[in-house]
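Below: one structure, written as C-alpha cells.
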Amino acid sequence: MITINYHTDSEIGKDQTKLLKKWIGSSIFRENRIVGEVNYIICNDEQLLEINQRFLNHDTYTDIITFPTSQITQIISGEIYVSISRIIENATLNKVSVFDEFCRVFIHGVLHLIGYNDHTPAEKKEMRAKEDYYLTLRP
C-alpha cells in the first residue's frame, strides 16, 4: 500500500493523490517488484533538516530522505520524507513546474527503495534516466 501524508500546509499533489499512488505502484511493478508499505511524508525544510541531522549526521538541506524498511528485496517498503520547500526551489531553478518536480522526487525515492543509488556519476546518470523514463508514464 502506498500512502501520502502531508505534514505541511502545501496542497501540491493532494488532488492527484490517487493517480500518484497508481503511478508509483505501476512503476514498482515495472521494476519486477511488489508494492509493500511505501509511506511518503511531505514536510518542510526544517523538518527534513532535523531528520537529516538526527539520523544521517548531515547538516544540510535536502529534497528527499529515503529509509527502506523491507528485508526482502522483491518487496518495496519504506518511508520517504520529502521537503516541499526544496521541491518549490528546485522547480524554479530547473524551470519546471512544481508538480513536475514533485513527481520527479517521488519516483526518485522509490528508485532508491528499489536499489538504485546516485553516489557516483554513472549511478546519477542511471538514476536520471530511470526518473525520465517513469516520468513519461506519469498521469
Side-chain angles (χ1 to χ4, degrees):
M1 173 173 50
I2 298 169
T3 58
I4 302 172
N5 298 298
Y6 292 82
H7 294 264
T8 177
D9 292 334
S10 175
E11 295 295 316
I12 297 170
K14 282 189 178 179
D15 291 340
Q16 298 93 349
T17 297
K18 189 180 277 188
L19 291 173
L20 285 169
K21 288 179 182 182
K22 185 176 179 181
W23 171 59
I24 294 297
S26 69
S27 299
I28 291 169
F29 180 76
R30 284 178 181 273
E31 290 287 325
N32 297 311
R33 301 298 199 287
I34 299 165
V35 176
E37 297 285 330
V38 179
N39 189 21
Y40 286 92
I41 300 96
I42 314 302
C43 50
N44 63 37
D45 264 353
E46 297 309 317
Q47 292 165 319
L48 201 55
L49 177 61
E50 183 180 325
I51 292 166
N52 211 7
Q53 291 168 332
R54 183 173 177 198
F55 294 101
L56 302 175
N57 291 323
H58 297 158
D59 194 22
T60 56
Y61 290 107
T62 187
D63 55 357
I64 188 168
I65 298 175
T66 305
F67 295 106
T69 58
S70 179
Q71 301 297 322
I72 303 168
T73 321
Q74 285 302 109
I75 299 175
I76 302 307
S77 294
E79 292 187 348
I80 301 172
Y81 292 83
V82 176
S83 169
I84 199 65
S85 311
R86 290 295 97 215
I87 288 173
I88 292 168
E89 184 172 310
N90 288 341
T92 302
L93 290 172
N94 296 319
K95 297 180 177 146
V96 298
S97 76
V98 174
F99 187 68
D100 285 348
E101 185 66 17
F102 187 78
C103 290
R104 182 176 294 282
V105 171
F106 260 47
I107 199 65
H108 184 90
V110 162
L111 290 169
H112 274 306
L113 292 180
I114 290 169
Y116 294 97
N117 289 308
D118 55 4
H119 302 294
T120 69
E123 289 173 340
K124 287 178 184 178
K125 184 177 179 181
E126 181 180 30
M127 177 71 85
R128 182 55 68 141
K130 285 285 184 178
E131 290 170 7
D132 290 343
Y133 170 72
Y134 285 113
L135 286 170
T136 66
L137 304 176
R138 181 187 92 197

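Nothing here was measured: the structure is a model prediction, and the numbers come from that model.
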Residue pair His108, Ile64: steps toward the side chain to side chain contact (heavy atoms under 4.5 Å, CB included) verdict: CA-CA 9 Å; His108 184 90; Ile64 188 168; 3.9 Å; yes
Test log, rule side chain to side chain contact (heavy atoms under 4.5 Å, CB included), inputs Glu50 and Gln47: CA-CA 5 Å; Glu50 183 180 325; Gln47 292 165 319; 5.9 Å; no
Audit row: Ile24, Lys21, side chain to side chain contact (heavy atoms under 4.5 Å, CB included) steps and yes/no: CA-CA 5 Å; Ile24 294 297; Lys21 288 179 182 182; 5.9 Å; no
Matching residue for Ser83 among Asn90, Asp45, Thr62 - test: side chain to side chain donor-acceptor pair (under 3.5 Å):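 The passing option is Asp45.
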If you compare all heavy atoms of [X] against all heavy atoms of [Y], which two are closest, and at what distance to 0.1 Å?
{"X": "Ile76", "Y": "Thr73", "answer": "CD1-O, 3.8 Å"}
{"X": "Ser97", "Y": "Ala91", "answer": "O-CB, 3.8 Å"}
{"X": "Phe102", "Y": "Leu20", "answer": "CE2-CD1, 3.6 Å"}
{"X": "Asn32", "Y": "Gln74", "answer": "O-NE2, 2.7 Å"}
{"X": "Ile87", "Y": "Glu101", "answer": "O-CG, 3.6 Å"}

Side chain to side chain contact (heavy atoms under 4.5 Å, CB included) assessment of Val38 paired with Ile28: CA-CA 11 Å; Val38 179; Ile28 291 169; 4.3 Å; yes
pair [X]-[Y]: side-chain heavy atoms closer than 4.5 Å:
{"X": "Ser27", "Y": "Ile107", "result": "yes"}
{"X": "Arg104", "Y": "Asp132", "result": "yes"}
{"X": "His112", "Y": "Asn117", "result": "yes"}

Heavy atoms of other groups near Phe29 CZ, more than 12 under 6.0 Å: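 For Phe29, atom CZ is not crowded (no more than 12 foreign heavy atoms under 6.0 Å).
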Gln71 CD: over 12 foreign heavy atoms closer than 6.0 Å: no
same_hphob_cluster(Ile41, Tyr61) at 4.5 Å side-chain heavy-atom cutoff: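 The answer is no; the residues belong to distinct hydrophobic clusters.
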Shared hydrophobic cluster for Ile34 and Ile72 (ILVMFWY, side-chain gaps under 4.5 Å):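 Linked within one cluster.
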Keeping [X] on the side-chain end and [Y] on the backbone end, is there a donor-acceptor pair under 3.5 Å?
{"X": "Asn94", "Y": "Val96", "result": "no"}
{"X": "Trp23", "Y": "Cys103", "result": "no"}
{"X": "Tyr40", "Y": "Phe106", "result": "yes"}
{"X": "Ser70", "Y": "Ile75", "result": "yes"}
{"X": "Glu123", "Y": "His119", "result": "yes"}

How long is the gap from [atom1] on [X] to [atom2] on [Y], to the nearest 0.5 Å?
{"X": "Arg138", "Y": "Ser26", "atom1": "CZ", "atom2": "OG", "result": "12.5 Å"}
{"X": "Tyr81", "Y": "Ile51", "atom1": "OH", "atom2": "CD1", "result": "5.0 Å"}
{"X": "Ile2", "Y": "Lys18", "atom1": "CD1", "atom2": "NZ", "result": "14.0 Å"}
{"X": "Asn44", "Y": "Leu48", "atom1": "CG", "atom2": "CG", "result": "8.5 Å"}
{"X": "Thr60", "Y": "Leu49", "atom1": "OG1", "atom2": "CG", "result": "7.5 Å"}
{"X": "Arg33", "Y": "Ile114", "atom1": "CZ", "atom2": "CD1", "result": "6.5 Å"}

Check ion pair Asp118-Arg128 (N to O, under 4.0 angstrom):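 So Asp118 does not pair with Arg128 through a salt bridge.
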Glu89: side chain to side chain donor-acceptor pair (under 3.5 Å) partners, not counting sequence neighbours: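 With sequence neighbours excluded, Glu89 shows a side chain to side chain donor-acceptor pair (under 3.5 Å) to Arg86, given in chain and number order.
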Check: Glu79/Asn39 side-chain N/O donor and acceptor closer than 3.5 Å: no
Test item: side-chain donor near acceptor, Glu131 and Tyr116, under 3.5 Å: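 No, no side-chain donor-acceptor pair sits under 3.5 Å.
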Derivation and outcome, ring pair (Phe, Tyr, Trp, His ring centres under 6.0 Å), residues Phe67 and Phe55: CA-CA 10 Å; Phe67 295 106; Phe55 294 101; 5.8 Å; yes
